[in-house]
Amino acid sequence: MKIYNTLTKTKEEFIPLEPGKVKMYVCGPTVYNLIHIGNARPMIVFDTVRRYMEYKGLEVNYVSNFTDVDDKIINKAIEEGVSSSEISERYIKECLKDMEGMNVKPATKHPLATEEIDGMLDMIQDLIDKGFAYDANGTVYFRTKKFEEYGKLSKKNLEDLQAGHREIKVVGEESKEDPMDFVLWKPKKDGEPSWSSKWSDGRPGWHIECSVMAKKYLGEEIDIHAGGEDLVFPHHENEIAQSEACNGEKFAKYWMHNAFLNIDNKKMSKSLGNFFTVRDISEKYDLQVLRFFMLSAHYRSPLNFSADLMESSKNGLDRIVTAMESLKEYKAKNIEKELSQEEKKNLEALKSLEEKFEKSMEDDFNTADAISAVFEMVKLSNTTVNDSSSSLYVDEFSKKLVTFLDILGIKAYRETEIIDEDIEKLIEERQEARKSKNFSRADEIRDTLLEKGIVLEDTREGVKWKKM
RNA sequence: GGCGACAUGGCCAAGUGGUAAGGCACGGGUCUGCAACACCCUCAUCCCCGGUUCAAAUCCGGGUGUCGCCUCCA
């Protein structure tokens, strides 16, 4: 299994620190609003990484935090006149709901920043003791220059950063020893949530959270640390500085970063008005479609989002699900007999598609390629499985497809919904009408059902229906 | 100003030295009362210029273009 490591900028063979086990930390969202589709990309991508590893028999300890103390949360709370915790609790709940829709497995542990303050105080103190941090009137800063390897992840050096055009110094931070130093602890302002510490009543900086939570739930050295590419600098760079300075050990062995999701080739932003929440999408599509769409490109390539592309993904996914549904029907026929010569030959072909799937996933989780293998399996199934196929043959296809779709986190069946009696009656009436060649009545009924979002298909096995 | 990524058919997207996967859409056909579904067929020489090589979309150099990071951000 190969993973592209941002740290070395190469694909490396994945070797877990402890054989058979994976310690993985994925930076989670700040919960100040419904998550947007950009947040959804790392969730889907790294959930797929986890699923594949589990399929390969690895035990994955998957930790993903919720940042529940932050300026944005505080602002939102002020705006609504409620407490910060009310905001964060609300959006954590909503986020979990969206994750379920996208079929993202809950992490082994979802730590909350506000519940880990003690650990942060300890780490900050430790950094001060070791000379990597200093207290300046209640604000504690990390002494960036002291950590010699600073910049090793983002391939930046302090000179370049300071020589840059941008003004790094921010008003009110004159007490810093160096403009590149970053905050570990800051004093509270009026009305902000705070915790007492020996430096000031205040709250932690953003970066320290992840260092602490990763350490507590996974250990000082972890296998994989993942997140969006925008987190490389400064967030992950700072995490490395904190953790390695404090622990004296290498922090994460592999750093994985997903590329951004764009809207019409532009970065999604509220000001451009091209901002979609996962909830928005769920109103129009099953979130499985969103998941399928996200996996249709490699996670390290920028992905463009548009209504047309969602339609296209919906159609593609539909084809897969339709094939699964018909396999289910053939399976029900349960024809007990030996595999025919031809079936054996086709199963060989299936086997090589299985290999193609795995080979793609082994190569830095190339889901786009893996999906192409799934489509080829679908084609093979559609063209060779029929009424007289042996159940052994049908089972093999169905088992394999379910397995691979599960790795991708795609549910391989259509939600069966209870059809109400009126509709059933209409379908029967239409069948009668067709029999007596009263096609205009038949079409009328079909149109009526279509208006209700029900599509009819006349197959040799009888009438099938599905929701749009 | 510094650092970096990308450029493949109408759209999306794999492929990174051996002669272009897959999906969607379009068109033609089989099936069907019609439609839908399913199936079959058709559809590209890989941004431009130069170089290396028996051989390049794939490596090197130079252009052009798009995007990202350097600031809260998935």
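These values consider heavy atoms only, across backbone and side chains, with no hydrogens, waters or symmetry-generated copies. In what follows, chains are A, B, ... by sequence order, proteins preceding strands, each numbered from 1. Since the model is a prediction, treat every value here as computed from it, not as a measurement.
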A:R300 side-chain N/O to B:rA5 phosphate OP1/OP2 under 4.0 Å: no
Whole-Å distance separating the CD atom of A:E457 from the P atom of B:rA36: 11 Å
Rounded interatomic separation in angstrom, taking CG from A:L290 and C1' from B:rA74: 13 Å
A:F233, nearest nucleotide to its side chain (from B:rA35, B:rC37, B:rC70): B:rC70
Pair A:K359 + A:E362: basic N to acidic O under 4.0 Å: no
Touch class at under 4.0 angstrom, heavy-atom based, for A:D71 against every strand present: nothing
Gap between atoms CG and P, on A:D181 and B:rU71 respectively (whole Å): 14 Å
Sugar-phosphate only, base, or nothing, as touched by A:K11 at under 4.0 Å among non-hydrogen atoms: nothing
Integer angstrom distance from the C1' of B:rA14 to that of B:rA44: 15 Å
Touch class at under 4.0 angstrom, heavy-atom based, for A:I35 against every strand present: nothing
A:S326 side chain vs A:T322 backbone, donor-acceptor pair below 3.5 Å: yes
Euclidean distance, atom NE2 of residue A:H236 to atom C1' of B:rC73 [Å, nearest integer]: 12 Å
Nearest-Å distance once atom C1' is located in both B:rG9 and B:rA21: 14 Å
Whole-Å distance separating the CG atom of A:L353 from the P atom of B:rG23: 12 Å
Which nucleotide in B:rC73, B:rA21, B:rA36 has an atom nearest any side-chain atom of A:W206: B:rC73
Phosphate OP1/OP2 of B:rA74 contacted by A:N258 side-chain N/O (<4.0 Å): no
Per A:A368 side chain, nearest of listed nucleotides B:rA14, B:rC70, B:rC34: B:rA14
Which residues share a salt bridge (charged side-chain N to carboxylate O under 4.0 Å, His left out) with A:D363, sequence neighbours left out: A:K11
Residue whose nearest RNA chain B nucleotide is more 5′ - A:N382 or A:D230: A:N382
Test item: A:N366 side-chain N/O and A:D369 main-chain N/O as donor-acceptor pair under 3.5 Å: yes
A:F305 and A:F293 aromatic ring geometry - parallel, tilted or perpendicular at 30°/60° bounds: perpendicular
B:rG63 to B:rC3 separation - P atoms, rounded to the nearest Å: 15 Å
Any A:N315 side-chain N or O less than 4.0 Å from OP1/OP2 of B:rA25: yes
Sugar-phosphate only, base, or nothing, as touched by A:E376 at under 4.0 Å among non-hydrogen atoms: sugar-phosphate
Distance-only donor-acceptor test (3.5 Å): side chain A:N304, base B:rC12: no
Atom-pair distance (CD on A:E229; C1' on B:rC70), nearest Å: 13 Å
Presence of A:K379 side-chain N/O under 4.0 Å of B:rC40 phosphate oxygens OP1/OP2: yes
Watson-Crick or G-U wobble partner of B:rC37, both distances under 3.5 Å: none
Watson-Crick/G-U partner (both atom distances under 3.5 Å) of B:rU58: none
Centroid-centroid distance, A:F276 to A:H36, less than 6.0 Å: no
Base partner of B:rA5, which must satisfy Watson-Crick or wobble distances under 3.5 Å: B:rU66
Closest to side chain of A:K156, choosing from B:rC34, B:rC24, B:rG2: B:rG2
Paired nucleotide for B:rU53 [Watson-Crick or G-U wobble; both distances under 3.5 Å]: none
N or O in side chain of A:R319 less than 4.0 angstrom from B:rC39 OP1/OP2: yes
Length of the line joining A:N75:CG and B:rC73:P, which is rounded to integer Å: 14 Å
Base partner of B:rC31, which must satisfy Watson-Crick or wobble distances under 3.5 Å: none
Closest to the A:K72 side chain, choosing from B:rC39, B:rC70, B:rC73: B:rC73
A:K156 to A:F233 six-membered ring, cation-pi geometry met (6.0 Å, 45°): yes
Touch class at under 4.0 angstrom, heavy-atom based, for A:H257 against every strand present: nothing
Heavy-atom side-chain proximity of A:V183 to A:W206 below 4.5 angstrom: no
Separation between the P atoms of B:rC46 and B:rA5, rounded to whole Å: 23 Å
A:E237 side chain vs A:K152 backbone, donor-acceptor pair below 3.5 Å: yes
Distance test, side-chain N/O of A:K267 to OP1/OP2 of B:rC69, below 4.0 Å: yes
Closest-nucleotide 5' rank along RNA chain B - winner of A:P302 and A:D318: A:P302
Side-chain donor or acceptor of A:T108 paired with backbone N/O of A:Y62 under 3.5 Å: yes
Sugar-phosphate, base or nothing in reach of A:L456, heavy atoms under 4.0 Å: base
A:S360 vs B:rA21: side-chain N/O to OP1/OP2 distance below 4.0 Å: no
Ring centers of A:H225, A:Y254 separated by less than 6.0 Å: no
Rounded distance in Å between the P positions of B:rC69 and B:rC54: 44 Å
Check: A:D443 side chain, B:rG33 base, donor-acceptor under 3.5 Å: yes
Between P of B:rA14 and NZ of A:K359, the distance in whole Å: 16 Å
Sugar-phosphate, base or nothing in reach of A:S301, heavy atoms under 4.0 Å: sugar-phosphate
Qualifying residues under salt bridge (charged side-chain N to carboxylate O under 4.0 Å, His left out), relative to A:R300, sequence neighbours excluded: A:D364
Atom C1', compared across B:rC26 and B:rC67: separation rounded to whole Å: 30 Å
Among B:rA38, B:rA13, B:rC73, the one nearest A:L303 by side-chain distance: B:rA13
Residues within residues 432-441 of chain A bordering RNA chain B, heavy-atom distance below 4.0 Å: A:R434, A:F439
P-based separation of B:rG50 from B:rU58 [nearest Å]: 14 Å
Touch class at under 4.0 angstrom, heavy-atom based, for A:G38 against every strand present: base
Phosphate-side-chain proximity, A:N262 and B:rC67, N/O vs OP1/OP2 below 4.0 Å: no
Same-atom distance (P) from B:rU64 to B:rG29, integer angstrom: 49 Å
Partner nucleotide of B:rC26 by Watson-Crick or wobble geometry (both distances under 3.5 Å): none
